[in-house]
Each structure stands twice: as C-alpha cells, then as structure tokens.
Amino acid sequence: MKRGPKARPGTKWRTAAQERVYGRRLLEALRATAALGPRAVKEAADSALAFTARGRSRWSRAILLSPRRKARLLLSRRRARAAEAGGRLRGRLRVLRRLVPGCRKLSAGSLLEEAADYVAALEMQVKAMRALADALSAAPAAAAAAEPGSRGGV
C-alpha cells in the first residue's frame with residue numbers, strides 16, 4: 001500500500017487536470033505582470049489560484065474581491081501576551097483567521113475546513129511555480145547551446 005498525498009473529499013487541488021488549468025492561468029498572469037515587480041507577480045499568482053478555485057471557498061472569494069489585501073502575519077507583543085493569557089488554542093485560531101483570506105469571522109470548525117483547502121491550493125501553487133522555474137531556467141541553457149558560435153559547436 002503506497003503512502004502519499006491523496007485528494008481529500010471536497011478538494012480538487014491534487015488532480016492533474018486542475019494543476020494544468022492552474023499552470024496555464026499562472027503562466028498567462030506572470031507574462032502580463034513580470035515587468036511590474038515582485039508584489040504584482042505575487043498578486044497575479046494568488047489571483048490565478050483563486051480564479052481556478054472558481055470562488056467555491058471563502059479564501060478564493062476573498063482574494064478575488066480584494067486584490068489589494070495585506071496579510072498581517074505577526075502579532076504585536078500586546079496581542080501575543082493576550083493570546084497566551086486567553087489560551088493557546090484561541091490565540092492560534094486568531095492567527096489562522098488572519099492567514100486564510102476571508103476567514104476572520106468563521107467558527108473554528110469552518111475555519112479549519114477552509115484552511116485545509118487553502119493549504120492544498122497553496123501546495124499546488126508551489127508545485128506549479130517550481131515546474132515553471134525549472135522550465136525557465138533550462139530554456140536559456142538550451143538556447144545558448146543551440147547558438148552557432150557557442151563553444152560546443154564548430
């Protein structure tokens with residue numbers, strides 16, 4: 001029996017078809033925003049991911065509706081102390097609500113479901129971006145080897 005990533009019920013992020021669709025959309029978005037800088041590239045990648053999810057989850061709707069969102073990943077010292085005093089679980093849920101787009105006012109159970117779907121989508125995004133980076137890094141080497149005046153030639 002093999003172990004490995006399996007598609008969870010309710011998520012479709014691990015199918016090859018879904019990855020191809022996302023890869024195509026990601027490439028189109030990156031071509032359109034490559035000259036605009038890293039922030040534009042990140043927003044384009046997130047938008048392509050949310051568009052591929054078709055707004056079926058809260059995080060994807062939040063990304064699609066709020067293109068200029070800012071994720072605050074660190075709590076201030078005061079909030080961190082209050083989270084410890086109020087219980088570790090409650091504090092961690094508060095942080096998770098801030099990390100997953102569109103989930104600030106969800107119950108704990110719904111938040112965990114959304115977070116699981118969002119993490120699966122992010123895993124697919126990383127896989128597609130790695131494949132794209134590998135393809136792009138191999139392209140200049142292949143072009144240089146094919147030039148007539150290169151060292152490997154005549």
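Owing to the predicted nature of the structure, the values given are computational and were not obtained by experimental measurement.
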Point-to-point distance, once rounded to the nearest 0.5 Å, from [atom1] of [X] to [atom2] of [Y]:
X	Y	atom1	atom2	answer
Leu132	Leu26	CG	CG	6.0 Å
Leu89	Arg94	CG	CZ	11.0 Å
Arg61	Trp59	CZ	CH2	10.5 Å
Leu106	Arg97	CG	CZ	7.5 Å
Arg58	Arg104	CZ	CZ	12.5 Å

Joint hydrophobic cluster, Val126 plus Leu99, side-chain heavy atoms closer than 4.5 Å = no
Are Leu27 and Val41 in one and the same hydrophobic cluster, where Ile, Leu, Val, Met, Phe, Trp and Tyr link if side-chain heavy atoms are under 4.5 Å apart?
-> yes
Test item: Glu114 side-chain N/O and Cys103 main-chain N/O as donor-acceptor pair under 3.5 Å = no
Ignoring hydrogens and geometry, is there a side-chain-to-backbone donor-acceptor pair from Ser60 to Ser57 under 3.5 Å?
-> yes
Kindly indicate whether the side chain of [X], heavy atoms from C-beta on, has any atom under 4.5 Å from the side chain of [Y].
X	Y	value
Leu122	Leu49	yes
Tyr118	Pro101	yes
Val100	Val119	no
Asp46	Gln125	yes

Excluding sequence neighbours, so at least two apart, what forms side chain to side chain donor-acceptor pair (under 3.5 Å) with Arg25?
-> Thr52
Residues at least two apart in sequence or cross-chain that pass side chain to side chain contact (heavy atoms under 4.5 Å, CB included) with Glu113, listed by chain then number, are none
Using the side-chain hydrogen bond (donor to acceptor under 3.5 Å, both in side chains) rule, collect all pairs that involve residues 127-140, keeping only residues at least two apart or in two chains.
-> Glu19-Lys127
